[in-house]
Peer 1: 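Here you go, one structure.
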Amino acid sequence: MSHHPLRLLLEFDDRIQRDREQAPAFLHRRDRRFALDCEQQGIRPDAAAWLAHMQRLSGPGSASLANHKLELQWQRIQRGFIAAGALFGVITMAGLLFYDGGQRINITVFLAFVLLQLLLAAATTVQAVAGWQPWGWLQRRLQPQLPGQALAQLQPLLMARAAHAGGTAFATTGLLTLLVLLVIQDLAFGWSTTLDTAAGGYHTLVQALATPWGWLWPAAVPSQELVEATRFFRAAPDSPGTAPAQWGQWWPFVVMLWLTWVLVPRLVLLAFSHWQITHKAGQLLQQHPGMQALAWRMETPTLDTGNQHNDADDLPDTTTRARTVELADTDHIVCWAGAGEPELPQQLLGNQTQILKAGGRASLEDDDRVLATLAQALAESPEPSVMVVTRSWEPPTGELHDFLDHAREQWPGNTRVLVLPLASDANLAPADYLIQPWLRFTERLPAGFARVTVLPSVPDNPYQTGTERP
């Protein structure tokens, strides 16, 4: 299971959507069991561990293909931006540096284009942070599958990352094209503008732009003399008194200008978009409504009251098709969650009776040990049966359901389980309304596996309480 926040968010959202088809009681038992297992193993139950647990339960091939397709779509979109950016970088730089020997390459045009690139990069980041999507029409064309609610909030950030990746490719191929043209051609740079601008003001401008690299490469900072000597006018293309070599002395400035103000900002903003996606995905995962419900299910013990109504004014549905069966002798008794304390009814105790304790304060390891012990004893019995003694006034719990589920897997297939809810006075039968939840509880177990039995009422009850045998 990947721990990348974006992939975790997509997988978690998909799993929550699929869980909506399951009953709340089942989800509670399942997630509570997972939390108890983590507590026993000393593991903190986070989203990644829960998803890995769900994947193990669902088996191979259960991973969602929808999320995989979404990832592939965004990879294709980003690759498309990169390819387009790389192509336009070559074409644009070749156009900016087009030189036929009879004109000058205007540095002023170059500065304006660099400024345009900075504005585009900043606008891309600002619209992503603000969640604005002016390119929504393009996204709908490139992404026919509509995103889920979780991914929809990340769309601006993902699109910004794709745009910055394309911008980085544009700047990189533009720089490479510039270097190649410097080698294979004798480029002549100059500056010109129709405004009444003095050479001193222009020099101040280029000197400010060269501040980031001036200490590192002084030769890449145009001097006052170079600025004054390389100004040209449309009506006078050849500036008298300018040495031909001076037209080419602008190239270090042009290279550093593109590297510093086009390529580096794109790289920084691309890294920022990566961080922003990771940070935002982590926030959305923690704020996901399903995460809060999952935390509640893992922290709250499961209770099965049998009442399907949420309205407290309604009486619980006590009708059930199951009926109690007669008490039968068995050599194996499991006292669940402290039932039968301080002593069991005398009639339940025989010379060969084996009494075991499970549930309640017993650990999961103790419960597993009880299951294994009984599995070995029942395997040698021709008519295996086990009596599970409970407290009638305590509702059936999910832990008992899990215990019997595991018992059914480990005990012989013909094992008969009798659930005996005891009243507060162990020699009396519990009231009928206390028996109904236990009848519904056994109904939800596999057919024929467990039945409910009760002690006969006084005065027909011949049983007397006795001392528990080890």
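The model shown is predicted, which means the values in this text are computed figures rather than measured ones.
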Peer 1: Is the shortest side-chain heavy-atom distance between Gln276 and Arg161 below 4.5 Å?
Peer 2: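 Contact flag for Gln276/Arg161 side chains = no.
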
Peer 1: Using only atom types and a distance under 3.5 Å, with no angle test, would you say the side chain of Trp217 pairs donor to acceptor with the backbone of Gly214?
Peer 2: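 No; judged by distance alone, with no hydrogens or angles, the pair does not exist.
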
Peer 1: Check Pro45 against Cys38 and note the closest heavy-atom contact, atom names and distance.
Peer 2: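 What the structure gives for the nearest pair is CB-SG, 4.0 Å.
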
Peer 1: Do the side chain of Arg391 and the main chain of Gly338 share a donor and acceptor less than 3.5 angstrom apart?
Peer 2: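 Side chain of Arg391 to backbone of Gly338: a pair is present.
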
Peer 1: Please find the pair of heavy atoms, one from Ser273 and one from Leu270, that lie closest to each other, and give the distance.
Peer 2: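 Looking at all heavy atoms of both residues, the closest pair is OG-O, 2.6 Å.
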
Peer 1: Mind checking the CD-CG spacing from Gln283 to Leu9? Nearest 0.5 Å is all I need.
Peer 2: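 One gets 11.5 Å once the value is rounded to the nearest 0.5 Å.
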
Peer 1: Do Leu445 and His401 have side-chain heavy atoms sitting under 4.5 Å apart?
Peer 2: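 In contact.
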
Peer 1: Donor-acceptor check, side chain of Asp367 to backbone of Gly359, threshold 3.5 angstrom: yes or no?
Peer 2: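 A pair under 3.5 Å: yes.
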
Peer 1: Is there a side-chain contact (heavy atoms from CB on, under 4.5 Å) between Leu378 and Val386 once you walk through the steps?
Peer 2: CA-CA 9 Å; Leu378 294 173; Val386 177; 3.6 Å; yes

Peer 1: Measuring from Asp13:CG to Leu8:CG, what's the distance to the nearest 0.5 Å?
Peer 2: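 Answer for the CG-CG pair, Asp13 versus Leu8, is 12.5 Å.
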
Peer 1: With a 3.5 Å cut-off and no angle check, do the side chains of Trp438 and Thr390 form a donor-acceptor pair?
Peer 2: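 No, Thr390 and Trp438 have no side-chain donor paired with an acceptor closer than 3.5 Å.
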
Peer 1: Would you say the side-chain atoms of Thr442 pair up with the backbone N or O of Leu439, donor to acceptor, closer than 3.5 Å?
Peer 2: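 Yes.
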
Peer 1: Rounded at 0.5 Å granularity, tell me how far CE in Met54 sits from CZ in Phe34.
Peer 2: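 One finds 7.0 Å between CE of Met54 and CZ of Phe34.
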
Peer 1: Counting only heavy atoms not in Phe449 (residues, nucleotides, ligands), do more than 12 fall under 6.0 Å from its CZ?
Peer 2: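 Atom CZ in Phe449 is packed in, count exceeds 12.
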
Peer 1: Give a yes or no on whether the backbone of Ser192 and the side-chain of Thr108 come within a donor-acceptor separation of less than 3.5 Å.
Peer 2: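 Checked: pair present.
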
Peer 1: Which pair of non-hydrogen atoms, one from Ala163 and one from Phe81, has the smallest distance, and what is that distance?
Peer 2: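 Smallest interatomic distance, heavy atoms only, reads CA-CD2, 3.9 Å.
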
Peer 1: Can I get a per-line list of side-chain donor-acceptor pairs under 3.5 Å for residues 166-182, giving both atom names and the distance, sequence neighbours left out?
Peer 2:
residue, atom, partner, partner atom, Å
Thr168, OG1, His164, O, 2.8
Thr172, OG1, Thr168, O, 2.7
Thr173, OG1, Ala86, O, 3.0
Thr173, OG1, Ala169, O, 2.9
Thr173, OG1, Phe170, O, 3.3
Thr177, OG1, Thr173, O, 2.7

Peer 1: Are Gln78 and Ile82 packed together at the side-chain level, in the sense that at least one heavy-atom pair is separated by less than 4.5 angstrom?
Peer 2: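 Yes, their side chains come closer than 4.5 Å.
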
Peer 1: How would you list, by chain and number, every residue that makes a side chain to side chain donor-acceptor pair (under 3.5 Å) with Arg33, sequence neighbours excluded?
Peer 2: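 Residues passing side chain to side chain donor-acceptor pair (under 3.5 Å) with Arg33: none at all.
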
Peer 1: Out of the candidates Trp258, Phe189, Trp213, only one should pair with Phe253 under the side chain to side chain contact (heavy atoms under 4.5 Å, CB included) rule; please name it.
Peer 2: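 Testing Phe253 for a side chain to side chain contact (heavy atoms under 4.5 Å, CB included) against Trp258, Phe189, Trp213 leaves exactly one candidate, Trp213.
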
Peer 1: Quick check: does any side chain N or O of Trp261 sit under 3.5 Å from a backbone N or O of Leu209, one acting as donor and the other as acceptor?
Peer 2: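 Yes, because the side chain of Trp261 sits within donor-acceptor range (under 3.5 Å) of the backbone of Leu209.
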
Peer 1: Look up atom NE2 in His279 and atom CG in Leu284, then write down how far apart they are to the nearest 0.5 Å.
Peer 2: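 Reported to 0.5 Å precision, the distance equals 10.0 Å.
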
Peer 1: More than 12 non-hydrogen atoms from neighbouring residues, nucleotides or ligands closer than 6.0 Å to CG on Asp186, yes or no?
Peer 2: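 Count not over threshold, so no.
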
Peer 1: One pair to check against side-chain contact (heavy atoms from CB on, under 4.5 Å): Leu400 and Phe441. What are the steps and the verdict?
Peer 2: CA-CA 10 Å; Leu400 178 57; Phe441 173 73; 3.8 Å; yes

Peer 1: Taking the side chain as every heavy atom from C-beta outward, state whether Leu116 and Leu120 have any pair of such atoms under 4.5 Å apart.
Peer 2: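 Yes; the side chains approach each other to less than 4.5 Å.
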
Peer 1: Could you state the interatomic distance from CD (Glu39) to CZ (Arg44), rounded to the nearest 0.5 Å?
Peer 2: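 Going from CD on Glu39 over to CZ on Arg44, the span is 14.0 Å.
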
Peer 1: Could you tell me whether the side chains of Glu228 and Gln224 share a donor-acceptor contact shorter than 3.5 Å?
Peer 2: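 There is such a pair between these side chains.
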
Peer 1: Quick one: do Val419 and Trp336 satisfy side-chain contact (heavy atoms from CB on, under 4.5 Å)? Show the steps, please.
Peer 2: CA-CA 10 Å; Val419 179; Trp336 180 259; over 6 Å; no

Peer 1: Report yes if some heavy atom in the side chain of Met159 is under 4.5 Å from a heavy atom in the side chain of Trp74; otherwise report no.
Peer 2: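 Met159 vs Trp74: side chains touch.
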
Peer 1: Is there a side-chain contact between Phe403 and Leu364 in this structure, where contact means two heavy atoms from C-beta onward sitting under 4.5 Å apart?
Peer 2: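 When only atoms from C-beta onward are counted, Leu364 and Phe403 do not touch, as no gap falls below 4.5 Å.
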
Peer 1: Distance from Trp50 atom CH2 to Arg30 atom CZ, nearest 0.5 Å?
Peer 2: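 With rounding to 0.5 Å, CH2 (Trp50) is 5.5 Å from CZ (Arg30).
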
Peer 1: Do Ile16 and Met291 come close enough that some side-chain heavy atom pair is under 4.5 Å?
Peer 2: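 Side-chain contact under 4.5 Å: no.
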
Peer 1: What is the minimum heavy-atom distance between Leu187 and Leu97, and which atoms define it?
Peer 2: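 That closest heavy-atom pairing would be CD2-O, 4.0 Å.
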
Peer 1: Does the side chain of Tyr202 come within less than 4.5 Å of Ile107's, by heavy atoms?
Peer 2: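 Sidechains of Tyr202 and Ile107: in contact.
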
Peer 1: What pairs with Phe113 under ring-ring contact (aromatic ring centres under 6.0 Å, His included), at least two apart in sequence or on another chain?
Peer 2: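 By the ring-ring contact (aromatic ring centres under 6.0 Å, His included) rule, Phe113 matches no residue at all.
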
Peer 1: Could you check whether atom CD of Gln376 has more than 12 heavy atoms from other residues, nucleotides or ligands sitting under 6.0 Å from it?
Peer 2: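 No, the 6.0 Å shell around CD holds no more than 12 heavy atoms from other groups.
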
Peer 1: Please check: side-chain N/O of Arg32 versus main-chain N/O of Met298, any donor-acceptor pairing under 3.5 Å?
Peer 2: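 Yes; judged by distance alone, with no hydrogens or angles, the pair exists.
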
Peer 1: Mind listing the closest non-hydrogen atom pair of Pro156 and Ala128 along with its distance?
Peer 2: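 Here Pro156 and Ala128 meet closest at O-CB, 3.7 Å.
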
Peer 1: For Ala210 and Ala220, work out which heavy atoms get closest and say how close.
Peer 2: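 Minimum heavy-atom contact is CB-O, 4.5 Å.
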
Peer 1: Between Arg408 and Asp405, does a salt bridge (Lys or Arg N to Asp or Glu O under 4.0 Å) hold up when you go through it step by step?
Peer 2: CA-CA 5 Å; Arg408 185 168 171 270; Asp405 276 345; over 6 Å; no

Peer 1: Start with the C-alpha gap between Trp191 and Leu205, add the side-chain angles, then the distance that decides, and say whether side-chain contact (heavy atoms from CB on, under 4.5 Å) holds.
Peer 2: CA-CA 12 Å; Trp191 67 277; Leu205 173 64; over 6 Å; no

